[in-house]
Amino acid sequence: MADPTESLEVQRARDSAFGARRLLARLRDIMAGSGSAQDRLDKIVKTIAHEMAADVCSCYVMRAGEVLELFATIGLNPDAVHKTRMRVSEGLIGDVAARARPIALANAQSHPNFAYRPETGEDPFHGFLAVPILRGSRVRGVLAIQHTERRDYDEQEVETLQTIAMIVAELVATGELVDSRELSVANDLVLLPSRLEGISLHRGVGMGPAVLHRPQLTIRQMVADDPETELARLKLAVDGMHSAIDQLLIAVGEIEGEHAEIMQTYRMVAADRGWLNRIREAIRSGLTAEAAVQRVQNDNRARLQQVSDPYIRERQLDLDDITNRLLQHLTGRPVDAVGGTLPDEFVLVARNLGPAELLDYDRRKLRGLVLEEGSSYSHVSIVARALDIPVVGQCSEVLSRVEPLDFLIVDGDHGQVFVRPAEDIQDTFAKSVQARYRRKQAAADLRDLPSATRDGVAVQLLLNCGLLMDLPHLQSTDAEGVGLYRTEIPFMVRPSYPDVDVQQESYAKVLDAAEGKPVVFRTLDVGGDKSLPYFPDLDEENPALGWRAIRIGLDRPAMLRKQLRAMLRAAAGRPLRLMFPMIAIVPEFDQARRVLDLELDRLVRDGLPPPATLKVGVMMEVPSLLFQLDGLLPRIDFMSIGSNDMFQYLFAADRGNPAMNNRYDLLSPAMLTVLRTLARRCDEAGVDLSLCGEMASRPLDAMALLGVGLRRLSVSPPAFFDIKAMVRSVDVGELARYMDHLLVRHDRSLREWLRAYARDHGIQI
Ligand code: PEP
Ligand code: MG
């Protein structure tokens with residue numbers, strides 16, 4: 001038997017859907033009717049107030065200078081129309097505009113942000129519900145209803161008013177209420193040169209005219225006559241989109257592995273039934289299919305603002321990407337239309353972007369990327385870094401400040417963007433871009449020169465990689481191999497834990513691409529700041545000191561076993577090097593090694609060829625290991641210093657905490673003494689030592705590393721030639737003697753001493 005309470009709810013939902021549909025149909029008739037835009041807006045507020053049984057309905061429209069003007073009202077004093085104005089952020093209406101989010105209050109007058117405007121005659125009203133009038137990512141006004149009594153607004157009412165606001169947005173966008181030129185011309189803020197701040201997501205400088213990522217598609221019809229027809233259109237578009245995604249997957253999969261992996265998440269998101277059901281519901285409430293898709297996307301965006309978990313945001317972002325694709329299928333605009341009309345070089349500006357969307361653009365023309373959101377976690381950042389495109393993220397105002405084809409400079413080194421910069425700024429940056437280009441060209445000439453110091457000491461330069469896309473750099477730099485292959489990146493961009501076959505294929509591709517050069521695979525280093533979408537959120541008090549890296553591997557041996565099995569199989573008789581991250585005690589190494597040995601036995605039992613040679617190493621990241629070198633060194637073939645983590649543990653200073661930024665320095669007597677000890681001990685024990693933390697990629701720091709005895713550095717690909725130029729310009733014997741003297745000092749940092757030394761000795765840092 002049916003649950004009586006449930007059937008009541010279903011009944012209510014049907015009634016309110018019907019009510020919303022009736023209201024939308026009325027509004028559509030008003031929109032299509034005769035009369036000026038002002039007349040139509042007047043009728044609209046009247047109809048809303050009537051259908052939603054409200055005492056007041058008002059519409060505020062955005063004017064030049066970010067001012068909201070009361071354009072129409074029923075219930076408030078009509079004399080206030082075109083007189084009452086408020087700035088964005090001022091009062092409750094301004095708050096709705098500033099945050100682009102609805103506000104529902106049982107008693108508005110007791111709210112601290114309530115701004116009393118005597119001319120409106122607002123005194124008798126308490127219940128207050130206001131929603132932003134949004135078009136694209138811009139707020140074009142605010143729509144509000146009020147009730148005399150104190151009352152709580154339910155979700156359905158908020159939803160209905162949001163849907164209506166979409167229709168009002170179309171009226172505002174016609175330019176009949178406020179001339180659209182007013183907003184672009186009179187707003188002198190927009191036209192002046194400006195500098196916007198964000199954060200650097202990838203370094204480098206790029207410039208060119210702005211291309212706004214997929215400006216809002218114009219939805220011509222918002223209200224539908226027949227929901228069934230719209231549902232059928234939706235189904236057709238969803239099917240079309242699915243097969244297009246499959247095509248893209250096939251095309252991308254043939255070229256680059258991880259792109260395809262990222263795209264796999266799309267397939268999952270695109271098939272999300274909750275999402276499709278919400279769109280269907282919006283259609284049943286009277287919207288056309290495209291308006292319904294847009295409506296659900298608006299909701300998602302609003303929700304997104306409130307979520308801080310980067311992985312949930314990531315998933316929402318995928319949904320945004322899919323939404324755009326679906327809209328294109330519904331409106332019939334071809335998905336690849338983006339290619340035809342682009343300038344020869346351009347800077348892409350977006351609120352946020354899916355990785356596949358970035359790949360839709362011709363990367364040869366792309367000079368930079370600016371995102372209103374974005375974090376270094378986002379898939380798009382990983383892809384942009386692999387493509388070496390300068391990226392500035394969290395540039396919160398960029399979409400409201402930049403018009404299409406405005407000239408932009410993206411300064412990825414300092415996390416800033418110049419909009420319509422003055423000529424002298426353009427010249428300065430153009431010179432810097434040219435100088436970089438010349439340096440790159442000159443650096444490329446270094447490719448075939450030996451990597452040795454002036455006094456003839458060979459220095460092995462390797463690359464840090466984490467994506468297949470990084471591997472072509474082995475060829476362009478002629479690096480001697482991969483000193484750190486971070487296996488976690490492919491794990492982080494996948495929707496689920498990859499099984500042995502998938503991993504094996506991925507590692508085999510890496511080894512194929514390395515063409516016989518050595519590759520050091522690091523086993524999964526997750527936890528801490530790197531979490532997996534499908535892994536439980538541990539909510540640890542001190543994640544950097546928590547359950548991470550090999551600790552997870554040893555506690556969940558199935559994961560470690562599978563990864564080692566995949567690596568052994570991928571080697572297929574070729575040499576294999578692998579290392580374990582975050583080892584803190586010798587028994588952890590022994591335990592990991594036992595898992596490896598068991599897998600090796602299994603490989604042989606399965607009749608598969610063992611690696612030609614197997615070298616096993618550890619990451620030196622946890623300082624406790626420094627005091628176990630006697631036990632450790634005889635057990636390992638090589639050691640790689642993870643200076644990023646080692647530094648933070650040595651000084652007990654969170655590497656991500658800005659308050660710690662200048663307190664301690666890598667080039668301090670303590671850190672450099674530790675490194676010198678390691679170099680000496682490994683040398684005596686015949687253990688290969690390298691360093692793969694960020695410091696190896698900075699010329700001055702890398703110079704100091706040579707000075708304390710390191711001879712193997714693993715660097716990020718863009719830094720390779722800078723480091724090689726430094727190596728070739730240093731006399732390392734002389735530097736080592738100088739540093740021996742320096743290390744007895746008790747300074748906070750030896751950086752300035754070393755910089756002066758480099759300057760005096762013509763070392764390229
Ligand atoms: C390090 O800690 O220095 C290192 C290379 O590892 P990751 O940066 O991946 O933690
Ligand atoms: Mg580390």
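Whatever order the structure lists them in is the order used to number ligands and atoms, beginning at 1. Keep in mind it's a predicted model, so treat the numbers as computed, not measured.
For Phe589, there are no ring pair (Phe, Tyr, Trp, His ring centres under 6.0 Å) partners at least two apart in sequence or on another chain.
Geometrically, ligand 1 and Glu621 share a nitrogen or oxygen pair separated by less than 3.5 Å. Between Arg548 and ligand 1, no N or O atom pair is found at a separation short of 3.5 Å.
Looking at Asp701 and Arg751, a side-chain N of the basic residue comes within less than 4.0 Å of a carboxylate O on the acidic one, giving a salt bridge. Classification of Asp683 and Arg680 as a salt-bridged pair fails, no side-chain N sitting under 4.0 Å from a carboxylate O. Taking 4.0 Å as the cut-off between side-chain N and carboxylate O, Arg522 and Glu488 count as a salt-bridged pair. The pair Asp512-Arg574 meets the salt-bridge criterion, with a side-chain N (NZ, NE, NH1 or NH2) lying under 4.0 Å from an Asp/Glu carboxylate O. At a threshold of 4.0 Å, the pair Arg551-Asp555 does not count as salt-bridged, since none of the basic side-chain nitrogens sits closer than that to a carboxylate oxygen.
At a heavy-atom cutoff of 4.0 Å, ligand 1 is contacted by no atom of Asn464, backbone or side chain.
For ligand 1 and Cys692, the ligand atoms under 4.0 Å from any heavy atom of the residue are 5 (C). Residue-ligand proximity, Gly693 to ligand 1, at heavy-atom distances under 4.0 Å covers atoms 3 (O). Near Gly642, the atoms of ligand 1 lying under 4.0 angstrom from a non-hydrogen atom of the residue are 1 (C), 2 (O), 3 (O). Residue contact check: Asp645 has heavy atoms under 4.0 Å from atoms 1 (C), 2 (O), 3 (O), 10 (O) of ligand 1.
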Would you tabulate the side-chain donor-acceptor contacts of residues 557-572 under 3.5 Å, counting partners in other chains and residues two or more places apart, or write 'none'?
unit_1 : atom_1 : unit_2 : atom_2 : d
Gln563 : OE1    : Leu524 : N      : 2.9
Gln563 : NE2    : Thr487 : OG1    : 3.0
Gln563 : NE2    : Tyr507 : OH     : 3.0
Arg565 : NE     : Glu599 : OE1    : 2.9
Arg565 : NH2    : Glu599 : OE2    : 3.3

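Remark: distances from the non-hydrogen atoms of Arg522 to ligand 1 include one below 4.0 Å. Using a non-hydrogen distance threshold of 4.0 Å, Met619 registers as a contact of ligand 1.
If you take CD1 on Ile723 and OG1 on Thr477, they are separated by 12.5 Å, rounding to the nearest 0.5 Å.
Taking the Mg ion (ligand 2) as reference, the nearest N/O/S atom within Glu621 carries the name OE2. Within Asp645, OD2 is the N, O or S atom that lies nearest to the Mg ion (ligand 2).
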